[in-house]
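Working notes for the structure below.
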Amino acid sequence: MIHALKSAIAASLFAISLTLSACSTGGSDPMADAQAAFSENDYRAARIYLMSALKENSADPAANLLYGKTLLHLGDGIAAEAAFKKLAENQGYQAEVRSLMAHALLLRNMPERALELTESSDAEYAGLAYWVRTQALLQLGREDEALAAMSDGLAAVPNDPALLALRGNYDVDQHNIGKAQKTAELALKYGPGNLDALLLSGRLALIRQDLPAAKAMFEKALKLYPDSVTPLLSVATINAGMGNEKQAKANLKRILQLAPGHPKALIVMAKIAFNDGDVDRAQALVQSAGEALNDVPDAALLRGEIAYLKGNHEQATDWLRKFLVERPGHVQAITRLGSALFATGNEVEAYKIVKPAAERANATPQLLSLAAKLGKLQNDPLAASFRIRSQIPQGRDDIEQKMAEAGKAIASKQWAKAEVIYASLRASGLDRDAIVMNDSALVQLELGKAAKAVSFARAALALTPGDPNILDTMGWTLLQSGQDKREALKLLRQATSRAPGNLEIRWHLANALAANGQAAEAKRVISSLKAFASGDQQTKIDKLLAQL
């Protein structure tokens with residue numbers, strides 16, 4: 001055993017020596033090697049070369065300047081500040097170092113001191129100075145001044161990609177997505193390889209729920225900045241969400257090599273372990289993340305799930321409540337919270353939380369079964385309907401397979417095939433399932449069978465009268481079939497009020513407004529959609545606007 005340990009240590013030391021020798025023997029001039037590595041965004045290699053250069057001449061101003069910049073990219077404000085201090089008396093570097101030192105202080109969580117250094121800056125380095133100034137003001141909670149600093153900065157340096165990306169991210173935080181999209185396009189135009197610009201574009205793609213586009217943007221950032229944790233974590237999270245667990249685990253392993261103990265990476269790893277059924281490992285990983293992510297919704301959900309499965313129902317209740325404040329309507333979280341409250345004897349409160357979710361079409365059998373139990377205890381007549389909807393017909397695996405096939409048929413626009421599958425599902429007893437009836441209506445509408453579409457939509461609405469997606473289908477089928485445009489508008493207004501963030505429902509509402517002669521309101525709704533629209537969708541939007 002001791003011999004094996006010694007061998008492992010020797011192998012590790014040999015690997016480290018190879019890494020160092022690879023960096024130190026790139027050429028006879030470590031400063032030139034450092035500059036080359038820095039230009040390729042390989043900041044870890046640049047750091048090693050610069051340490052070698054500074055060992056030969058610790059006072060070399062060019063080496064200290066580049067060393068400080070490299071450390072800024074690596075997030076080490078303390079060491080960067082020390083490097084810049086060596087240039088304090090050098091007149092040739094003072095103008096640039098002032099803004100760089102402010103950035104270092106910002107990394108050290110010293111916004112007041114950083115702000116002081118940005119009060120007067122050389123025009124050549126104005127972009128960085130305004131960027132630091134804005135960030136410092138935001139850290140201090142002085143939002144109006146930060147907004148003014150951003151505006152002044154973009155007036156002085158309109159083509160600065162980092163400033164543009166900062167503005168774009170601010171607009172996203174303010175839910176001004178249309179403006180953020182335009183700013184992101186400018187940031188990429190002036191800085192196609194700028195990390196902040198690439199990350200902003202990826203973030204906007206995620207908001208549009210365009211995972212392939214988001215992944216492509218983050219992967220581009222990762223290719224240009226191979227040691228940057230942010231795009232690496234984004235790619236890992238997307239891979240995990242898309243079911244590419246092997247790739248996600250490789251991404252996460254790399255993150256923990258670059259930043260040991262990175263809490264967000266640990267949470268994603270914990271989520272993968274949880275989905276694999278390894279609750280103990282998931283719990284260990286969550287505990288390793290500590291309190292750093294207490295305010296992150298996904299971490300709260302995972303902690304709540306783990307606590308529930310471990311029998312810690314009070315703790316589960318606290319975490320799940322916290323999650324649902326940020327993500328109301330999340331079916332799994334509601335099911336777990338209701339179950340945890342039920343387990344602790346709080347049946348009345350549990351039913352108040354579970355009942356509204358059970359009335360929606362996307363209620364799972366587990367949620368419906370829980371609602372049926374709780375409703376029966378409260379003598380609610382609706383409990384019987386929840387029990388009926390929760391009953392899964394015989395041959396569940398076959399039904400799930402058929403549902404999956406129907407989804408694929410719809411995705412590939414094979415409407416006739418989808419019609420046959422849904423007919424089979426209805427015949428198997430799922431004519432009481434709101435989702436099956438809702439999707440049946442949409443398929444009939446695509447096939448031009450308006451009467452059947454409306455009939456199926458009404459059946460779905462009768463099953464779940466408050467669900468926004470069901471209201472949307474009912475309104476849309478009425479509008480498209482030409483049966484009752486006024487009722488269609490009424491239903492689509494209800495759907496929009498219940499799901500204001502659903503872009504498809506808002507598009508349907510815009511069409512209903514146009515059909516009812518309410519052009520001004522239709523234009524307002526359309527203007528809120530344009531930032532998210534794809535090329536095909538833009539064509540439809542332009543066509544509707546032309547009609548208005």
Side-chain angles (χ1 to χ4, degrees), residues 5 7-20 22-23 37 40-48 51 70-80 107 109 195-196 198-199 202-203 206 211 214-215 217-303 305-306:
L5 181 60
S7 297
I9 294 171
S12 299
L13 291 173
F14 179 65
I16 293 168
S17 69
L18 284 177
T19 303
L20 292 175
C23 292
E40 294 174 0
N41 306 316
D42 190 352
Y43 303 117
R44 293 179 185 277
R47 177 176 174 271
I48 294 173
M51 288 172 68
T70 299
L71 292 166
L72 289 179
H73 283 287
L74 293 172
D76 189 345
I78 295 174
L107 287 175
N109 293 316
L195 179 59
D196 293 339
L198 291 166
L199 294 177
R203 183 184 182 189
L206 283 177
L211 291 184
K215 186 178 179 183
M217 197 59 68
F218 291 132
E219 284 180 339
K220 182 179 179 181
L222 194 55
K223 185 176 181 180
L224 292 171
Y225 301 86
D227 289 337
S228 181
V229 169
T230 303
L232 192 54
L233 181 63
S234 299
V235 171
T237 304
I238 291 172
N239 277 328
M242 295 173 72
N244 303 325
E245 289 193 0
K246 185 176 180 180
Q247 295 177 34
K249 288 176 181 177
N251 299 143
L252 294 165
K253 184 178 179 181
R254 176 62 177 154
I255 292 171
L256 294 177
Q257 288 173 343
L258 296 170
H262 194 287
K264 289 185 179 179
L266 290 170
I267 287 294
V268 178
M269 290 180 74
K271 191 171 183 180
I272 292 172
F274 185 85
N275 291 338
D276 288 342
D278 193 343
V279 179
D280 290 336
R281 175 165 167 73
Q283 184 178 42
L285 288 165
V286 166
Q287 289 172 345
S288 298
E291 299 180 359
L293 296 180
N294 279 0
D295 295 326
V296 176
D298 286 343
L301 174 61
L302 184 58
R303 284 171 164 146
E305 290 263 31
I306 292 170

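These values consider heavy atoms only, across backbone and side chains, with no hydrogens, waters or symmetry-generated copies.
- The list of salt bridge (Lys or Arg N to Asp or Glu O under 4.0 Å) pairs with a residue in residues 266-283, not counting sequence neighbours, reads K249-D276, D280-K310.
- Note: I238 CD1 to L206 CG = 4.5 Å, rounded to the nearest 0.5 Å.
- Between D227 atom CG and I255 atom CD1 the span is 12.0 Å, to the nearest 0.5 Å.
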Please lay out, stage by stage, how L199 and F218 fare under the test side chain to side chain contact (heavy atoms under 4.5 Å, CB included).
-> CA-CA 6 Å; L199 294 177; F218 291 132; 3.9 Å; yes
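- Here the closest non-hydrogen pair linking A270 and A282 is O-CB, 3.4 Å.
- Of all the heavy atoms in S228 and L222, the pair that sits closest is O-CD1, 3.9 Å.
- Rounding to the nearest 0.5 Å places CD of E219 at 10.5 Å from CG of L232.
- To the nearest 0.5 Å, atom CG of residue L198 and atom OG of residue S234 are 11.5 Å apart.
- The shortest non-hydrogen separation linking G202 to M217 is N-CG, 3.6 Å.
- Counting heavy atoms of neighbouring residues, nucleotides and ligands inside a 6.0 Å radius, atom CZ of R47 does not exceed 12 of them.
- For the pair A37 and A46, the tightest heavy-atom approach, listed with the atom from each and the gap, is CB-N, 3.7 Å.
- Side-chain contact between V229 and K264 is absent, with no heavy atoms from C-beta onward closer than 4.5 Å.
- Expressed to the nearest 0.5 Å, how far CD1 of I267 lies from CG of L252 amounts to 11.5 Å.
- Residues L71 and A80 approach most closely at CD1-N, 3.7 Å, considering heavy atoms.
- Between L195 and P231, the closest side-chain pair of non-hydrogen atoms falls below 4.5 Å.
- The two atoms that bring L258 and R44 nearest to each other are CD2-NE, 3.3 Å, heavy atoms only.
- K246 and N239 share no side-chain donor-acceptor pair at under 3.5 Å.
- Within the model, atoms OG1 of T70 and CG of N41 stand 10.5 Å from one another, a figure rounded to the nearest 0.5 Å.
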Passes side chain to side chain contact (heavy atoms under 4.5 Å, CB included), L233 versus H262? Steps please.
-> CA-CA 10 Å; L233 181 63; H262 194 287; 4.1 Å; yes
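- Using a 4.5 Å heavy-atom cutoff, the side chains of L266 and V286 are not in contact.
- Every ring-ring contact (aromatic ring centres under 6.0 Å, His included) that Y43 has, sequence neighbours left out, goes to F38, H73.
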Pair D76-L107, side chain to side chain contact (heavy atoms under 4.5 Å, CB included): steps then yes or no = CA-CA 7 Å; D76 189 345; L107 287 175; over 6 Å; no
